[in-house]
Novice: 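Structure provided below as structure tokens; questions to follow.
Naming: A, B, ... by sequence-line order, numbering from 1 per chain.
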Protein chains: 2
Amino acid sequence: MIQNLNKHERESLHEALAKSGQKITPQREIVYTVLLAQRDHPTVDEVYHRALETMPGLSLATVYNCLETFVGCGLVRQVNHERESTRYCPNLAPHAHFRDESTGRVHDIELPKEILEQLTKILPADFETETIEISFQGRTKSSTQN
Amino acid sequence: MIQNLNKHERESLHEALAKSGQKITPQREIVYTVLLAQRDHPTVDEVYHRALETMPGLSLATVYNCLETFVGCGLVRQVNHERESTRYCPNLAPHAHFRDESTGRVHDIELPKEILEQLTKILPADFETETIEISFQGRTKSSTQN
DNA sequence: TAGTCGTTTAGAATGATTCAAAATCTCAAT
DNA sequence: ATTGAGATTTTGAATCATTCTAAACGACTA
């Protein structure tokens, strides 16, 4: 059902973990695989249930741990909307998020780097940015459920 | 300690409530007053404790209710960062937020409307935006605690 | 084979927020 | 002024995502 990681993906994972001095474990591989398999910004719980199919007995706490690890080593981004459960996104290119209020789905929106540059310019001189998050909220008209 | 609302502020409040068919109550006036008195993006709990000084006996649930009401009628904006407690902001002009990681403080950043316009342009044609949130995360260099 | 250290696990704990039900208040109409 | 209907407030319990704790496990090294 869920494809294994390909060579390149496995390498990213191993490299990122190694770089921050952490180990490769079956749990981490599966959680990462689940994230790549369906890039729909799943919640922890969704990741957990998808991963259970491959590894019954996996615990929810481990999924929390794995995802936290990935965020820590820059493999994955967190996506928050209001106070809803945190969602996870393996897209590392700079992008914004659009949350469709009618479906609850989150879509990635490509973010031209000029806009990012302009944004950093509106900050006072002594403000140093580490992260910029841009999120849209609204509805899609046609809703061809893309 | 906390100034009363001035004529204009009181009007905004009454008008906004009236427009959405809701009543004016002492609790709502005080909560709104607290928000205007110190525009430092307080959490519900902070608003609650500040308001208690003027109205002992006020309940936390009421503060939740009032703030929800204000958000509902567009008087106040919510500000979320990661999974921290929601903060509240009575600044209605379009602006972004900068969260200083070293102090935890949130600063308003004026947002030129050209940028907002550009942002809406990066969306696919059938995406209709209702809200755009932009938040920076980082540190201030000088930290003259402005 | 034993020791070390990071990881996983289950379940308890936390903390922000929401809910439920009863008491109270506001305001328009009398 | 008084009343009544409906909105609001209050208290305390409930919920839910997330974090914590402590024990078990595993991989690797001495």
Side-chain angles (χ1 to χ4, degrees), chain A residues 13-14 16-34 41-52 54-73 75-88 104 106, chain B residues 10 13-34 41-52 54-73 75-88 104 106:
Chain A
L13 173 62
H14 289 208
L17 287 174
K19 195 164 49 184
S20 53
Q22 310 194 69
K23 294 181 176 164
I24 289 130
T25 66
Q27 289 86 344
R28 284 176 178 166
E29 290 205 342
I30 286 170
V31 169
Y32 190 54
T33 304
V34 164
H41 308 87
T43 60
V44 173
D45 220 63
E46 287 166 343
V47 173
Y48 173 56
H49 288 291
R50 291 176 195 174
L52 271 186
T54 307
M55 182 186 262
L58 174 69
S59 90
L60 179 60
T62 299
V63 177
Y64 272 99
N65 292 340
C66 292
L67 290 170
E68 187 188 33
T69 301
F70 297 160
V71 170
C73 62
L75 263 182
V76 160
R77 278 175 56 183
Q78 285 183 320
V79 183
N80 289 291
H81 268 98
E82 313 268 303
R83 306 221 91 247
E84 290 183 357
S85 307
T86 300
R87 296 176 174 277
Y88 291 83
V106 175
Chain B
R10 188 181 305 268
L13 174 61
H14 288 209
E15 194 186 311
L17 288 174
K19 194 165 49 186
S20 52
Q22 311 194 70
K23 294 178 177 168
I24 288 131
T25 67
Q27 289 87 343
R28 285 177 177 165
E29 289 205 340
I30 286 170
V31 168
Y32 190 54
T33 305
V34 163
H41 307 89
T43 60
V44 173
D45 221 63
E46 287 165 343
V47 172
Y48 172 56
H49 288 292
R50 291 175 195 174
L52 271 186
T54 307
M55 183 186 261
L58 175 68
S59 90
L60 179 59
T62 298
V63 177
Y64 273 98
N65 291 339
C66 291
L67 291 169
E68 188 188 34
T69 301
F70 296 160
V71 170
C73 61
L75 264 182
V76 159
R77 277 176 56 183
Q78 285 184 319
V79 183
N80 290 293
H81 268 99
E82 315 267 304
R83 302 223 94 245
E84 291 183 357
S85 307
T86 300
R87 296 175 174 277
Y88 292 84
V106 175

Novice: Atom CG of B:Leu67 to atom C1' of D:dT8: distance rounded to whole Å?
Specialist: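 Taking CG of B:Leu67 and C1' of D:dT8, I get 15 Å after rounding.
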Novice: Under 4.0 Å between a side-chain N/O of B:Ser59 and OP1 or OP2 of D:dT10, yes or no?
Specialist: yes
Novice: Report the residue from B:Leu60, B:Leu67, B:Thr62 that forms a side-chain contact (heavy atoms from CB on, under 4.5 Å) with B:Tyr64.
Specialist: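 The passing option is B:Leu60.
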Novice: Within this structure, what is the CD-to-P distance between B:Glu29 and D:dT9, rounded to whole angstrom?
Specialist: 11 Å
Novice: Could you report the tightest heavy-atom contact between B:Cys73 and B:Ala16, atom names first, then the distance?
Specialist: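 Distance-wise, the nearest heavy atoms are CB-O, 3.8 Å.
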Novice: Please report the closest heavy-atom contact between A:His41 and A:Val106, naming both atoms and the distance.
Specialist: ND1-O, 3.1 Å
Novice: By the 4.0 Å heavy-atom rule, please label B:Thr25 as base, sugar-phosphate, or nothing.
Specialist: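 If one applies the 4.0 Å heavy-atom cut-off, B:Thr25 turns out to touch the sugar-phosphate alone, with no base involved.
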Novice: Please determine if a side-chain N or O atom of B:Gln27 lies less than 4.0 Å away from the OP1 or OP2 oxygen of D:dT10.
Specialist: yes
Novice: What contact category does B:Gly21 fall into here, base, sugar-phosphate, or nothing, at under 4.0 angstrom with non-hydrogen atoms?
Specialist: nothing
Novice: Take nucleotides 14-30 of chain D nucleotide by nucleotide from the 5' end and write B, S or -, depending on whether a protein heavy atom sits under 4.0 Å from the base, only from the sugar-phosphate, or from neither.
Specialist: ---SBB-----------
Novice: Hey, where on DNA chain C does chain A first and last touch, going 5' to 3'? Cut-off is any atom under 4.0 Å from a heavy atom.
Specialist: C:dG6 to C:dT17
Novice: Looking only at non-hydrogen atoms, find the nearest pair between A:Gly104 and A:Arg87 and report the distance.
Specialist: O-NH2, 4.4 Å
Novice: Could you report the tightest heavy-atom contact between A:Arg28 and A:Phe70, atom names first, then the distance?
Specialist: O-CZ, 3.3 Å
Novice: Between B:Ile24 and B:Glu29, which heavy-atom pair has the shortest distance, and what is it?
Specialist: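 Shortest heavy-atom separation between B:Ile24 and B:Glu29 comes out as CG2-OE2, 3.7 Å.
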Novice: If you look at every heavy atom in B:Val34 and B:Arg50, which pair is closest and at what distance?
Specialist: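 Closest pair (atom of B:Val34, atom of B:Arg50, distance): CG1-CB, 3.8 Å.
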Novice: Report the residues that fulfil side-chain contact (heavy atoms from CB on, under 4.5 Å) with B:Leu52, sequence neighbours left out, ordered by chain and then residue number.
Specialist: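 In terms of side-chain contact (heavy atoms from CB on, under 4.5 Å), with neighbours along the sequence ignored, B:Leu52 is linked to B:Tyr48, B:His49, B:Leu58.
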